[in-house]
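Heads up: the structure comes next, in structure tokens.
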Amino acid sequence: DTAVSQTPKYLVTQMGNDKSIKCEQNLGHDTMYWYKQDSKKFLKIMFSYNNKELIINETVPNRFSPKSPDKAHLNLHINSLELGDSAVYFCASSQENRGGNTEAFFGQGTRLTVV
Amino acid sequence: AQSVTQLGSHVSVSEGALVLLRCNYSSSVPPYLFWYVQYPNQGLQLLLKYTSAATLVKGINGFEAEFKKSETSFHLTKPSAHMSDAAEYFCAVSGYGNNRLAFGKGNQVVVIP
């Protein structure tokens with residue numbers, strides 16, 4: 001059983017299109033994240049949800065809109081795609097812990113290519 | 001805010017030789033430190049984590065790391081490199097009350113036969 005699963009794994013689309021990436025975790029965690037990995041492999045957090053509530057929103061263009069229908073799912077919708085959005089997007093989950101010492105479990109990533 | 005620095009993006013090591021990847025952190029609160037590995041076209045997998053218990057932490061695949069507060073470091077080592085260790089390695093930090101991970105730029109490890 002895959003703990004954190006993302007679909008699709010690859011996504012090629014034209015500039016200006018709108019696309020969504022889906023993420024599901026079966027670990028029973030209550031916190032989920034979206035990270036972006038650029039072409040130089042640098043990873044940066046985009047969003048974090050805890051029990052369906054947005055708790056972290058980094059300086060991400062508002063073309064990116066996360067949605068969490070329940071605590072096991074966190075989807076990412078991107079409007080008006082731009083060339084610079086090309087990257088690998090990782091979903092992750094962790095168990096909420098005020099201590100901050102719990103590790104995140106990552107999905108396999110979605111490689112988005114905007115042409 | 002927390003941050004980590006990893007020097008040297010590419011690290012080449014001979015098979016059987018010591019693997020040493022350096023990570024230095026900056027944190028205004030007691031840090032929690034992690035090392036993750038990313039194999040080609042895959043997600044990140046946790047190697048080990050420091051959570052203020054033992055300063056020498058053992059992880060999977062023979063890796064270990066030592067937390068040194070005086071040096072603000074959390075270097076990753078493996079005594080003998082194996083071909084299967086070729087991957088990207090990331091150091092990450094979070095702080096008390098904050099599950100947000102801040103990642104270093106990563107080290108791509110190449111193992112030479």
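Chain A is the first sequence line, chain B the second, and so forth, proteins listed ahead of strands; every chain is numbered from 1. None of the values given here were measured: they were computed from a predicted structure.
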Notebook entry, point to check: In chain order, what residues pass the side-chain hydrogen bond (donor to acceptor under 3.5 Å, both in side chains) check against A/Lys36, with sequence neighbours excluded?
Noted result: none

Notebook entry, point to check: If you look at every heavy atom in A/Leu27 and A/Ser93, which pair is closest and at what distance?
Noted result: CD1-OG, 3.7 Å

Checklist line | Heavy-atom pair of closest approach, residues A/Asn75 and A/Cys23 | finding: OD1-N, 3.4 Å

Note to self: Suppose a student defines contact as a heavy atom less than 4.5 Å from any heavy atom of chain A. Which residues in residues 67-91 of chain B would they list?
What the structure shows: B/Glu88, B/Phe90

Next item on the list: Could you look at B/Leu44 and say if it's the side chain, the backbone, both or neither that has a heavy atom under 4.5 Å from chain A?
Entry: both

Next item on the list: Give, as side chain, backbone, both or neither, the part of B/Gln38 having an atom under 4.5 angstrom from any heavy atom of chain A.
Entry: side chain

Margin query: Could you tell me if A/His77 and A/Asn79 have a donor-acceptor pair between their side chains, going purely by distance under 3.5 Å?
Written below: yes

Note to self: Whether A/Asp18 and A/Arg63 form a salt bridge (side-chain N of Lys/Arg under 4.0 Å from carboxylate O of Asp/Glu) is what I want to check.
What the structure shows: no

Margin query: In terms of relative ring orientation, are B/Phe103 and B/Tyr36 parallel, tilted or perpendicular, with 30° and 60° separating the classes?
Written below: tilted

Note to self: Parallel, tilted or perpendicular, judged at 30° and 60°: which one describes the rings of A/Phe106 and A/Tyr35?
What the structure shows: tilted

Check: Do you know which of A/Gln6, A/Gln37, A/Lys9 has the most heavy-atom pairs with chain B at a distance under 4.5 angstrom?
Finding: A/Gln37

